[in-house]
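So the structure is just underneath, and the comments pick up after that.
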Amino acid sequence: MTLFDVPGWSVPDEPVRVKPKKRKRTSKQNFDKVQSATVTLERLMEQLAASPAAETTRSDPKEEKSGGVSADGDRPAKKRRRVKKNKSQQSPTPTAIQEDGTHEASRKKRKKDKRKESSGEKVTGTPSPLKSRPPPEPRSTLTSLQHGMKQSLDGARFRWINEKLYKSDSAHAHAMMREDPAVFDDYHKGFRRQVESWPSNPVSHYISALSSYPPRTVIADLGCGDAALARALIPKGYTVMSFDLVADHSFVVDADIFDRLPLPGSEPDGDEVKNPGQGHAQVVNVVVCALSLMGTNWPNCIREAWRILRPNGELKIAEVASRFTNVQQFQSFVESFGFKHKSTDDSNTHFKIFEFEKTSRKPRGEKDWNKLLTRGDMLKPCEYKRR
Ligand code: SAH
C-alpha cells in the first residue's frame, strides 16, 4: 500500500488502519491529532532518553545482539514492563499514539503477519516496516524502541505537513514555515526518504538534461527543495537561482513561488519592439518546477514563470502522475498563460514531465486572470491514504 496514489510514494512506517469506519475524522481533527501525538511523543522520547531505563536498555548486549526490537516489532515482555513503569512516572503518556491507532495497529498487524508466516501462510499487503527500516543514524543515542517511535512520528509529521502544503494556499504554507522553520526541515527529511524509494527522480533527469545546455544558461528552480539542481549545475558553470519557502543562506532564496518572484521581468504591455507580446527585462532561460506545484494557488506560478522567462524561454514541469485527471486539459491550461506545448514524457509510472516554450501573448485584464488563477483544482493533491 502506498502513501499516495503513486507507486513508490510511501513511508515505510505507515500506520495501519484497523477500523476504518470508526476512525474517520475531519481534516482539522486529523491535524490536531497528529500535532498532539507529535508533542506527546517528543516529550516521551526526551524523557526516555534521559531515563536510567533507557541507559540500561542501550547497554544491554543481549538486546543489542537481537536488535533491541524483535523482528515482529514486539519488545520482550520484560522490556515492555520497564517502559510501562517509566510511562507511569511521566506525564503526558503516549496515549495519543494509541488513540490515533498507529502503534497499536501496526503492532497487531505485525503479530498477525508473524502468525501467518509461522503457519506457512503467505503474508500479503505492506511488508513489515521494521524489516525495511534503515538502521539508526550512526550518532543517534536512541534505543531501538525510541528509534521506531521516532520513525513513526517522523512519518506522521511528514504526511501532515504534506497534506497542509497540498490543500492550502501558499500564503498559509509560507506563514507556517516562517513561524516554525523546523516544519520545513521535517518535511524535507520525509521527502528525502521518499526519494530514496523511487526508481527515478525528476531532478536527476533535469540535471542530466540541462548539463548539455550552453554554459551561460540561466535557470530558475522554483520549489527547489534541497537545491540539487544548483549544487550539480553551478560547479559546471551554469547560473541556477533556487527558490523555496525557507532560505538556506547559501543556495536557496526564500520566496513564495506562487506569489511574486524576486526576479526581473514584465507582463506584455504592447510596447515591446524586438519580441512583441513577450514583456521586458527578463534574464531567465529555463524555469524548472519539479514536483513543486503544491498549493491550491499554483496557477500563479505559471504566470510568474512566464513573466521571468526571456522570450521563447523554456518551462519544464514534472508532476506526480496521479495528480492529473486530464493531461490534455492541463497542457492547454498552461498554454493559455502564453506557452506552447512541446512534449510530454509519460513513460515514467510515477511522474509526467512536460516541456513548454514561452510565446507572445496579449495583455490580459484582471477579470480574465481571475478565471485562470482559480483553476488550482485541475491538479489533485497527493492524498495520504489511511490504511
Ligand atoms: N524540486 C525539488 C523539491 C520537490 S518537493 C525536488 O524535486 O527535489 C516540493 C518543494 O516545493 C518543497 O521544497 C516545497 O517547500 C516547495 N514549495 C511548495 N510550495 C511552494 C511555494 N509556494 N513557494 C516556494 N516553494 C514551494
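In this chain, residues are counted from 1 in sequence order. Worth saying up front: this structure is predicted, and the values here are computed from it rather than measured. Counting starts at 1 for both ligands and their atoms, in listed order.
Contact residues of ligand 1 (protein heavy atom closer than 4.0 angstrom to a ligand atom; sorted by chain and number): Ser170, Phe184, His188, Phe191, Val203, Gly223, Cys224, Gly225, Asp244, Leu245, Ala255, Asp256, Ile257, Phe258, Ala290, Leu291, Ser292, Met294.
For the pairing with Glu357, the salt bridge (Lys or Arg N to Asp or Glu O under 4.0 Å) check across Arg310, Lys342, Lys316 returns one residue only, Lys342. Screening Arg364, Arg303, His280 for a side-chain contact (heavy atoms from CB on, under 4.5 Å) with Glu267, the sole residue that qualifies is Arg303.
Ring to ring, Trp298 and Phe333 are close: their centroids are under 6.0 angstrom apart. You'll find the ring centres of Tyr187 and Trp160 outside the 6.0 Å limit.
The salt bridge (charged side-chain N to carboxylate O under 4.0 Å, His left out) search around Lys340 returns none, not counting sequence neighbours.
With respect to Arg361 and Glu272, no salt bridge is recorded, no charged nitrogen being found less than 4.0 Å from a carboxylate O.
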